[in-house]
Undergrad: 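Can you keep this structure in mind? I'll have questions shortly.
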Amino acid sequence: MKYVDEFRAGDLAHGLAAAIAREADPAHTYNVMEFCGGHTHAIFRYGVQDLMPANLRFVHGPGCPVCVLPIGRVDNALELACDPRVTLCTYGDMMRVPATGRRSLLKAKAEGADVRMIYSTQDALRIAVENPDREVVLFAIGFETTTPPTAVVLKQAAAAGLKNFSVFCNHVLTPAAITHILESPEVREIGTVAIDGFLGPSHVSSVIGSQPYEFFAQEYQRPVVIAGFEPLDVMQATLMIIRQLNGGRHEVENQYARVVTREGNRKAQALVAEVFELRSSFEWRGLGLVPYSALRIRPQFAAFDAELRFGVETKPARDAKSCECPSILRGAKKPTDCKLFGTVCTPESPIGSCMVSSEGACAAYWTYGRFRQQTRPAARSTEAAA
Amino acid sequence: MKYVDEFRAGDLAHGLAAAIAREADPAHTYNVMEFCGGHTHAIFRYGVQDLMPANLRFVHGPGCPVCVLPIGRVDNALELACDPRVTLCTYGDMMRVPATGRRSLLKAKAEGADVRMIYSTQDALRIAVENPDREVVLFAIGFETTTPPTAVVLKQAAAAGLKNFSVFCNHVLTPAAITHILESPEVREIGTVAIDGFLGPSHVSSVIGSQPYEFFAQEYQRPVVIAGFEPLDVMQATLMIIRQLNGGRHEVENQYARVVTREGNRKAQALVAEVFELRSSFEWRGLGLVPYSALRIRPQFAAFDAELRFGVETKPARDAKSCECPSILRGAKKPTDCKLFGTVCTPESPIGSCMVSSEGACAAYWTYGRFRQQTRPAARSTEAAA
Amino acid sequence: MTAHDARFVGGAIPLSGSVDMMHGSGGRATAELVQALFVRHFDNPMLRAGNDQAAFQPPAGRLVISTDGHVVSPIFFPGGDIGSLAVHGTINDVAMAGARPLYLSAAFILEQGFPLADLERIVVSMAAASRLAGVPIVTGDTKVVERGKGDGVFITTTGVGVVPEGVDVSGDKARPGDVILLNGSIGDHGIAILSKRENLAFETEIVSDSAALHGLVADMVAAVPGIRVLRDPTRGGLASTLNEVAQQSRVGLRLDEAAIPMKADVRAACELLGLDPLYIANEGKLIAICAPADADRLLAVMRAHPLGQEAAKIGEAVADDLAFVQMRTAFGGERIVDWLAGEQLPRIC
Amino acid sequence: MTAHDARFVGGAIPLSGSVDMMHGSGGRATAELVQALFVRHFDNPMLRAGNDQAAFQPPAGRLVISTDGHVVSPIFFPGGDIGSLAVHGTINDVAMAGARPLYLSAAFILEQGFPLADLERIVVSMAAASRLAGVPIVTGDTKVVERGKGDGVFITTTGVGVVPEGVDVSGDKARPGDVILLNGSIGDHGIAILSKRENLAFETEIVSDSAALHGLVADMVAAVPGIRVLRDPTRGGLASTLNEVAQQSRVGLRLDEAAIPMKADVRAACELLGLDPLYIANEGKLIAICAPADADRLLAVMRAHPLGQEAAKIGEAVADDLAFVQMRTAFGGERIVDWLAGEQLPRIC
Amino acid sequence: MCLALPAEIVSIDETRETAVVALGPVKKEISIALLEEVSVGDFVLVHVGFALHRLSPEEADRTLALMREAGENPEAEFAEGSAP
Amino acid sequence: MCLALPAEIVSIDETRETAVVALGPVKKEISIALLEEVSVGDFVLVHVGFALHRLSPEEADRTLALMREAGENPEAEFAEGSAP
Ligand code: SF4
Ligand code: SF4
Ligand SMILES: [Mg+2]
Ligand SMILES: [Mg+2]
Ligand SMILES: [Mg+2]
Ligand SMILES: [Mg+2]
Ligand SMILES: [Mg+2]
Ligand SMILES: [Mg+2]
Ligand SMILES: [Mg+2]
Ligand SMILES: [Mg+2]
Ligand SMILES: [Mg+2]
Ligand SMILES: [Mg+2]
């Protein structure tokens with residue numbers, strides 16, 4: 001596959017690994033947070049960590065759109081799904097996300113709720129057109145990548161005058177969350193979090209561009225390198241962060257220049273601005289309330305807003321007490337530090353947000369990376385060393 | 001079972017058979033029509049014909065409520081069943097009745113229509129109460145026995161102010177049909193039909209009493225004996241007809257005195273009169289249009305009339321051309337005279353009305369009685385002789 | 001493994017709640033379900049081996065194999081459940097060759113959302129039935145279908161058995177003059193099921209006759225190795241089973257209605273619903289056809305067995321090219337006893 | 001019989017239209033369906049005998065029995081259908097004991113309303129697969145469930161086979177140092193199925209690899225009777241199958257990602273849907289584990305067979321108390337290859 | 001047509017206008033909305049879950065007697081009482 | 001997050017704002033409603049059935065070149081062009 005396979009080539013990996021090993025200062029520890037689950041996934045699936053020196057540690061951030069949705073909103077989606085009039089459409093990833101009482105959309109479906117897995121927002125629209133007697137609700141989630149497709153379908157529904165289609169909007173914004181990680185009061189409670197640099201979102205940035213990170217890099221004096229999701233992208237961007245840190249710089253750099261520009265996709269941005277407006281605050285699972293970090297449907301499209309149509313009220317709902325996700329998402333703890341990891345909390349039956357999607361830190365750790373320390377006593381990886 | 005087993009006792013049967021054999025005049029043929037399928041069924045299931053002399057022949061009448069419903073009305077029921085809003089409730093017997101194009105409610109159900117088999121009209125009401133979002137239609141069929149239960153449930157629905165319940169009324173009246181058999185112009189086309197006497201309806205008469213047959217017996221000079229549905233009842237009533245014929249009488253007699261009175265069930269009659277009114281004419285499958293032979297829902301209960309609620313229009317629909325039911329129902333032909341019998345037309349896949357229910361003449365003949373002539377060459381039965 | 005290791009190998013997936021698509025995915029959830037339910041309750045070395053098949057050294061003799069899917073509704077009924085039924089049904093089909101059943105396989109098709117507690121109850125019941133019969137369930141399979149594409153649980157069992165030397169039972173062996181024997185009252189299973197159907201609900205003390213008949217059969221073939229036909233009149237009832245045999249053997253069969261054992265409850269329920277008990281399903285009954293000379297001995301052996309105490313001679317085979325089943329009614333007349341036509345629906349007329 | 005008689009015995013029930021409850025009633029409609037479809041197409045003496053079981057004289061040797069329920073959706077897919085799959089699936093599970101499959105049984109659970117034409121197409125396909133494989137379907141069963149309580153058709157097949165003298169294959173026999181072989185590319189079946197699912201539809205030339213592997217296995221056990229493990233990586237994919245074997249044998253397994261054959265279409269489709277090909281189902285693949293000394297000979301035999309032309313060594317067994325499956329990635333790193341967790345859903349992240 | 005059976009009333013629920021009837025050992029709840037009055041111990045004719053009419057034990061006995069008579073005494077006529 | 005892949009446009013339906021893309025040998029229909037303009041032969045980033053952005057072949061080549069360089073020449077700095 002062109003523009004895919006080239007960026008997974010093992011031979012180039014060895015060159016990059018050698019460069020990183022050479023350039024990483026043995027006197028320092030490099031804590032690099034990959035914000036995106038896409039990076040987390042690549043690191044574990046391809047074994048990138050094995051190619052890193054012991055003093056380079058990846059901190060797995062909150063960047064999985066499924067994991068960050070707070071329990072209260074998943075509860076809302078469940079309520080909608082259990083309304084006998086409603087056909088709830090959502091992406092496959094959302095099906096297993098645990099809500100209050102370990103319920104999930106998959107379980108609701110098993111109990112008879114009409115929940116449909118869609119591949120694209122267009123599928124939801126088609127289902128609404130084909131089932132005029134059903135209230136079709138798109139349970140819309142995700143970052144800046146999935147938001148424009150939701151905007152498109154909302155405009156199409158409005159143009160067609162569809163009466164039985166609405167959107168339960170849960171789109172969130174990544175720059176606000178990245179900022180929040182270094183700024184929130186919770187960080188102080190958890191303890192000192194040493195994050196030296198950030199791998200910036202790749203596909204999100206294809207829409208919003210690299211510009212939105214510039215304020216952050218300056219304000220918090222941390223390098224941000226927009227990085228592709230292929231393993232060589234991650235390695236090259238890591239090298240770029242090391243070089244910035246070694247050189248005392250804190251800039252926004254763009255490793256993923258083949259897709260990301262400074263300004264992003266203007267047409268998509270305009271569509272989003274037309275249909276959505278900022279929420280003053282929104283809860284992120286594991287992070288708590290984050291100001292100006294989410295979108296809601298504008299009044300012009302109120303007829304298609306499921307929150308209004310069905311009087312959705314989000315009640316506060318707590319995550320499991322022993323779940324260490326908040327600390328893990330900020331880099332203060334590792335998945336194996338959690339008492340529930342692998343016993344009560346597994347991908348088949350997740351407790352916390354980090355175990356939900358294959359991009360969550362706990363899930364990736366479980367699926368691809370656990371127990372290197374036991375099967376490979378030679379401590380090359382930071383997990384083994386920790 | 002008390003009041004059942006006594007009337008199936010083989011020893012009494014032999015006495016009655018001997019009496020009939022003695023009293024039946026060898027110089028005469030006795031053609032006795034049992035109007036009711038219940039009698040037909042008893043005759044075949046218990047082998048009553050085997051106990052009769054060769055010159056006594058049972059002519060199987062049209063008295064099966066399922067068989068007499070014209071195709072057009074079954075088509076209507078199918079249309080209702082296929083309306084996605086509708087849950088159609090009906091008795092098990094109706095499920096297999098063939099409509100135009102050999103469709104049936106059973107097939108519609110197989111294709112996804114919401115058709116429910118009920119045991120009692122009360123079940124239909126309960127389904128309506130439990131499913132307020134469904135249009136529950138009771139496909140009501142039958143003679144004077146099933147009509148009062150429909151009346152009860154209509155009054156209950158009205159009292160409860162049920163908004164989602166209605167009745168598709170197809171109740172028919174037996175005296176009109178009996179009269180019609182001897183009077184209709186079709187009889188002339190078919191040829192001379194020699195019916196010497198009638199076994200009168202048993203359970204129908206428990207509701208309407210024996211009085212309604214008196215005019216008929218006088219007008220057409222034929223004996224009518226109301227007979228129970230147990231085999232001994234049939235035999236005793238047959239003996240009573242022979243005696244009337246031998247004595248030149250043509251009266252209404254009541255063999256089924258343990259249940260039937262001259263006036264019937266006044267409370268049930270009043271309920272029926274309150275809820276239903278006469279139709280000026282109604283089609284009977286196999287008989288054609290019969291004047292004043294059916295009921296419709298009175299205007300006071302129009303809100304519960306499915307014909308009005310769903311704008312039901314009954315279109316003329318033809319039975320299969322080669323089906324001999326019209327002649328069989330009038331005693332002019334036997335089931336084996338039909339070219340389709342047993343080849344194209346079987347109980348699994350009936351063509352005409354007489355093959356539909358196990359009480360239809362063709363079905364009873366097929367299931368219990370066919371081919372005695374082949375396995376028992378000694379011609380004791382009239383079929384063999386014919 | 002240390003406690004610490006176990007934690008990394010993966011905690012048990014909770015076996016509470018209901019069947020999930022993941023239980024049929026072939027992944028860890030499937031493996032855990034199989035271990036926690038099937039291997040645990042059916043418990044035998046072949047199943048514990050964990051292979052996709054069971055291996056065994058067969059005894060000498062001809063083998064038989066038989067399979068049946070079980071789809072009963074309701075799943076739990078008076079006198080049994082789909083699990084015990086699935087064990088008995090296939091044991092009986094194997095036994096109807098005169099064979100001794102050796103092993104069973106069980107394939108489950110589960111509907112998403114089916115309560116795991118109900119599944120466990122069924123598995124426990126199967127395990128008990130299999131143990132009591134001495135026929136272990138040695139291999140199996142589990143699939144899960146989406147809600148609305150199944151009906152709780154379907155169980156297909158397959159059995160293998162071995163036929164004793166000198167026994168040759170088959171539906172085509174009935175000869176004119178042969179005697180038809182039945183081991184007890186008809187219709188119990190079907191009426192027990194119907195009594196629990198919504199809408200039809202009526203009160204009766206009838207329980208299903210569901211039972212494994214191989215012990216009875218073993219006694220019968222030991223006493224009369226030349227027994228000609230054995231068959232269990234399950235769905236379609238006595239009437240359909242006899243029609244099958246009549247056609248296979250090209251003989252007529254004549255029944256004596258008065259001789260057919262039937263419980264008062266079954267008769268009454270059939271009258272109430274307009275059903276004919278000859279077409280009602282049985283799950284612990286068999287018909288045997290043997291030479292006239294063997295009939296009394298066979299009847300005595302049947303009556304000596306707990307499952308044949310009410311055994312009776314119910315008719316005989318006659319020469320008839322058309323292979324009709326006919327019956328002398330208790331009333332004194334004669335009638336054909338046809339195949340079940342369509343399905344039996346409760347009727348009003 | 002004269003033509004006149006035939007008319008009284010009952011005309012054929014039309015086999016047009018769709019499955020009706022009466023086809024499962026056990027009455028004449030069931031008998032006719034069985035004759036007109038199953039007996040006619042599967043056509044063999046044991047089935048024609050019309051008994052509720054098949055009897056046969058087994059060859060000498062240990063026997064194996066295996067069963068699988070088949071619930072695939074869509075029922076017809078590129079490269080096969082539920083019928084051929086049901087034949088191949090059970091033949092393969094029997095063959096994975098190193099055995100020669102002898103006979104199959106087939107139990108159908110049909111949904112009311114399923115087109116009879118589709119059923120016939122499936123039966124014809126099963127018959128062809130069974131004939132080509134030389135493994136006849138000798139007994140069966142048919143049940144019908146109400147609409148909304150099934151999914152068109154489910155088929156449970158059970159197979160019996162005989163293990164050649166000296167062969168002893170089992171999932172618990174892998175030893176550290178043993179070599180893992182695979183007979184061809186992974187994921188073809190699962191991707192062919194997914195490509196036809198509504199919503200996911202994509203264009204690919206991939207067809208299911210559904211095939212009967214007993215011929216290949218016969219060659220393999222003839223060349224290397226001491227072969228330790230055979231298993232077909234069906235649902236759950238290569239990853240789940242290897243985890244099963246690792247746990248049974250209490251060894252670690254190490255794969256070499258670059259050595260695992262995979263078609264470009266499968267790779268691309270998996271990328272598109274966010275799926276991992278290691279977890280995608282196969283229906284014509286097997287893994288074999290053998291002693292290192294036997295590996296080259298076994299590989300050569302596999303490559304000489306039409307169903308093993310792309311056979312490859314894909315890894316080895318290692319000592320590991322935790323019985324992990326691990327993989328050296330094509331990229332150069334290492335990862336655990338876990339059981340499939342939950343079920344694989346197409347994902348956006 | 002009109003499958004109906006005599007069954008004995010074993011209990012009555014006046015408010016719901018229902019009764020439990022026994023048909024041999026089998027019991028079933030039916031509606032008695034169509035009957036003027038009915039008592040435990042009465043036999044009623046049950047059709048589609050409704051009692052249609054009471055059964056007269058005296059008439060039943062009389063009918064059986066007549067049947068027996070007909071068999072025994074070929075020339076016996078039916079009693080006048082059985083005419084409608 | 002945000003699973004997305006570069007795929008080549010093989011045909012365009014202007015009226016429906018859709019295109020068929022090829023990912024290796026696999027083809028799929030997607031929406032191009034989010035792109036200003038796009039031509040057959042372009043590579044686009046596909047996410048949940050939508051094209052999010054065009055891919056620049058030149059930048060891809062440049063990135064690969066830099067990767068190769070880093071491995072070969074330990075001291076090579078990244079070209080200015082790759083900064084945002
Ligand atoms: S293992 Fe589960 S409970 Fe523990 S931190 Fe991770 S997600 Fe939370
Ligand atoms: S056999 Fe069928 S077609 Fe012929 S008269 Fe009877 S019902 Fe009509
Ligand atoms: Mg069987
Ligand atoms: Mg059976
Ligand atoms: Mg059987
Ligand atoms: Mg299996
Ligand atoms: Mg269901
Ligand atoms: Mg198997
Ligand atoms: Mg298998
Ligand atoms: Mg297998
Ligand atoms: Mg069977
Ligand atoms: Mg379905």
Undergrad: Mind checking side-chain hydrogen bond (donor to acceptor under 3.5 Å, both in side chains) for D:S210 and listing every partner two or more places apart, or none if nothing turns up?
TA: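 By the side-chain hydrogen bond (donor to acceptor under 3.5 Å, both in side chains) rule, D:S210 matches D:H88.
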
Undergrad: Let me know if D:I206 has heavy atoms under 4.5 Å from chain F in its side chain, its backbone, both or neither.
TA: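 For D:I206, neither part sits under 4.5 Å from chain F.
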
Undergrad: For the atom pair CG (F:L23) and CZ (D:R267), what is the distance rounded to the nearest 0.5 Å?
TA: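 F:L23 atom CG to D:R267 atom CZ measures 9.0 Å (nearest 0.5 Å).
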
Undergrad: Restricting to non-hydrogen atoms, name the atom on F:V26 and the atom on D:A268 that form the minimum distance, rounded to 0.1 Å.
TA: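 Closest approach of F:V26 to D:A268: CG2-CB, 3.9 Å.
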
Undergrad: For D:V124, which residues count as a side-chain contact (heavy atoms from CB on, under 4.5 Å) partner, sequence neighbours excluded?
TA: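 Testing D:V124 for side-chain contact (heavy atoms from CB on, under 4.5 Å), a comparison that skips the adjacent residues, returns D:H41, D:E120.
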
Undergrad: Hey, what do you get for NZ (F:K27) to CG (D:L272), rounding to the nearest 0.5 Å?
TA: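 Going from the NZ atom of F:K27 to the CG atom of D:L272 covers 13.0 Å.
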
